[in-house]
Engineer: 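One structure, pasted below without further comment.
Throughout, a chain's letter reflects where its sequence line sits, starting with A, and its residues are numbered from 1. We use all heavy atoms of the structure for the numbers below, so side chains are in, but hydrogens, waters and symmetry mates are not.
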Amino acid sequence: MVSSRMIEAAVGMFLCVGVAAIFVLTLQASSMNRVPSKEIYTVRARFENVGSLRVGAPVAVAGVTIGRVTDITLDKKMFEGVVSMTLGKDFGELPKDSNASVLTRGLLGEQYIGITPGGLEEPLRDGDEIQLTQPAVVLEDLIGKFLYNAGTSQDHQQ
Amino acid sequence: MHEPAVQLDGVSFSRGTRKIFANIDMRIATGKITAVMGPSGTGKTTLLRLIGGQLLPRQGTVRVFGQQVSTLRHAELYQLRKRMGMLFQSSALLTDLDVFENVAFPLRAHTKLTERLIRDIVLMKLEIVGLRGARRLRVEELSGGMARRVALARAIVLDPEMVLYDEPFVGLDPISMGAIVRALKTINEVLRITSVIVTHDVVEVVSIADEVFLLADGRIEGHGAPHALYDDSSPWVKQFMHGLADGPVPFHYPAPSLMNDFLEV
Amino acid sequence: MIFWKYNLMQQFMDLFAALGRAVLFLFHALLLMGAALLRPRLVIKQIYSIGVMSLLIIILSGGFVGAVLAFQGYETMVDFGATDALGIMVALALLRELGPVVGALLFAGRAGSALSAEIGLMRATEQLSAMEMMAVDPMARVIAPRLLGGMLAMPLLAAIFNVVGIYGGYLIGVEVLGVDRGSFWSQIQHGVEWGKDIGNSLIKSFIFGVVVTWIAVYNGYTAEPSPEGVGRATTLTVVLSSVIVLALDFVLTAIMFGG
């Protein structure tokens, strides 16, 4: 028979390992980590189409992640997707006329927000809205356009 | 005259369609050793369960220490049970605890005594059954007789007013039997505990019981002092007390006559 | 014909009555759970025999399940050039389904059967009856701590299963099959959501823990007091809890991921 002290120790270890496992899952396997920096600011952008963008998706400049999408809502008047994102202050100040687009990582990858910096002196501040945006590219539309173009070009040849 | 420890009035009980008791009246005297005897399957264990409130009668009332068992609420019933101990035929020791902890179990569950005091009480009770030296043995290491003695120590550890014994002599070798009888007598005489023994062992009962009830087919067939029952007029009582093979309970299971059976082929 | 109908009705009534008894049993045990917390020693002992004793089988199985997932996922994905997504595939399959479900099935086989056998044996040897006569409620003393132990142990076991499984998938996918290490992890980091995936995984395994432990202790408690009765109760526990876990998983998945 195992002594009761041993049992208690084993149970204690079991609880620790179990909680550690949940912790590892949270840290290693979830997008909750990687807060880009301690000091953050929030900006918004409107998109005609957000595609399959999800909360927690990265926001990147030149491929470098500088923030995360925190919220996606619908503007009920304009019927546009409003995406809120938090950006790290230590990645410098983005010009106010920067351009945000919903991009896809690879052909089958997840969608993220890519920001192309503009040329103005005035920076984006907390609560600002990015004016220039490009909607997500919907694969079906793309294929549709391609087929349409292919069809018309064939007509020209005839 | 004391109030009886247990009083059954018009108790009927059946299991499914099988009638086990039909309108039984019984008084079990305080401070005495009362034996309830009968052939196997006459519901002797059921009687103990009725007294302990684990089963409720279909009709009639069971009173223990003056309280009607069937009307008690859960908590009241548990309070009542603390005043009685029960020795199970299978001993029913808790297999994950050793001898000492088994005996200490009711104390730990119901009292807030110090470890020192618990130790003293447990050793005292183990001394009565002669197993003080076996306190650190595990339950699997005990022989049947020892296990029953440990269970007896456990049954009296809370100093109950009454102990119920379910077949305490069954399946014991003569030495273990002697040990149990001795412990049982000590408990009754020294501690003045009311004892109810359910058994079919005539010889042992006659040597210790003050009063005997004979049960058969759901009725009380005879009752009185053990020696008086030897000379009882009822042929059934005579057959049971003397262990006769033939009598009101025939030796042969009902069958067509021997001649017919052989001629049938 | 009328007799047949009557018989069927009777059987349905019996079935409902059995279900009702089991539900009342669970409520009774849940009510006594607070009292069980006051006796932490009993609960600790149960977490030991339910949780710690299941640890080895959970870790071994988790590792193998993760490794097999990586193998099979790789085989399929390599044709599409999508092996970068192997990490997220392994992680989501484990978190959403395999961790809670396979964990619960193993739990039923290891801990559930042991619980049924243990309590059934206590019934057969009159230990439960003896407790009642000693004015100790077996529901509070025996059942409630075990139920609590199972409820606590199952989510932790499933979480351990998940982590070991992901590392098993990593070992095969990255070290053996040569998937890019960075994309394996970054896909997991980008793809797994806390609430939807990890949270639901914990909720699922908690529910499975309650259900399996409930079935196990109920079958043990109501076992026929004989060696055959205990054997039947043990078998019934494993069969019943496996089927119910799988059926319940379907319902939970539809609720959690269907909408």
Engineer: Can you tell which part of L152(C) gets under 4.5 Å to a heavy atom of chain A, answering side chain, backbone, both or neither?
Structural biologist: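 Contact with chain A is absent: no heavy atom of L152(C) under 4.5 Å.
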Engineer: Is the count of non-hydrogen atoms from other residues, nucleotides or ligands lying under 6.0 Å from E121(A) atom CD greater than 12?
Structural biologist: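 Counting neighbours around CD of E121(A), 12 or fewer heavy atoms of other residues, nucleotides or ligands fall under 6.0 Å, so no.
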Engineer: So, R181(C) and E175(C), do they make that salt bridge, N to O below 4.0 Å?
Structural biologist: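 Not counted as a salt bridge, because no side-chain N and carboxylate O are separated by less than 4.0 Å.
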Engineer: Heavy-atom distance under 4.5 Å to chain A: side chain of A158(C), backbone, both or neither?
Structural biologist: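 No part of it gets close to chain A.
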Engineer: After noting the C-alpha distance and the side-chain angles of D71(A) and V83(A), does the key distance pass the side chain to side chain contact (heavy atoms under 4.5 Å, CB included) rule?
Structural biologist: CA-CA 6 Å; D71(A) 192 29; V83(A) 174; over 6 Å; no
Engineer: Could you look at I160(C) and say if it's the side chain, the backbone, both or neither that has a heavy atom under 4.5 Å from chain A?
Structural biologist: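 Contact with chain A is through both the backbone and side chain of I160(C).
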Engineer: Given heavy-atom pairs under 4.5 angstrom as the criterion, report whether the side chain, backbone, both or neither of Y167(C) touches chain A.
Structural biologist: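 It is the side chain, since no backbone atom gets that close.
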Engineer: Strictly below 4.0 Å, N to O, side chains only: are R146(C) and E118(C) in salt-bridge contact?
Structural biologist: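 A salt bridge is present here (some side-chain N lies under 4.0 Å from a carboxylate O).
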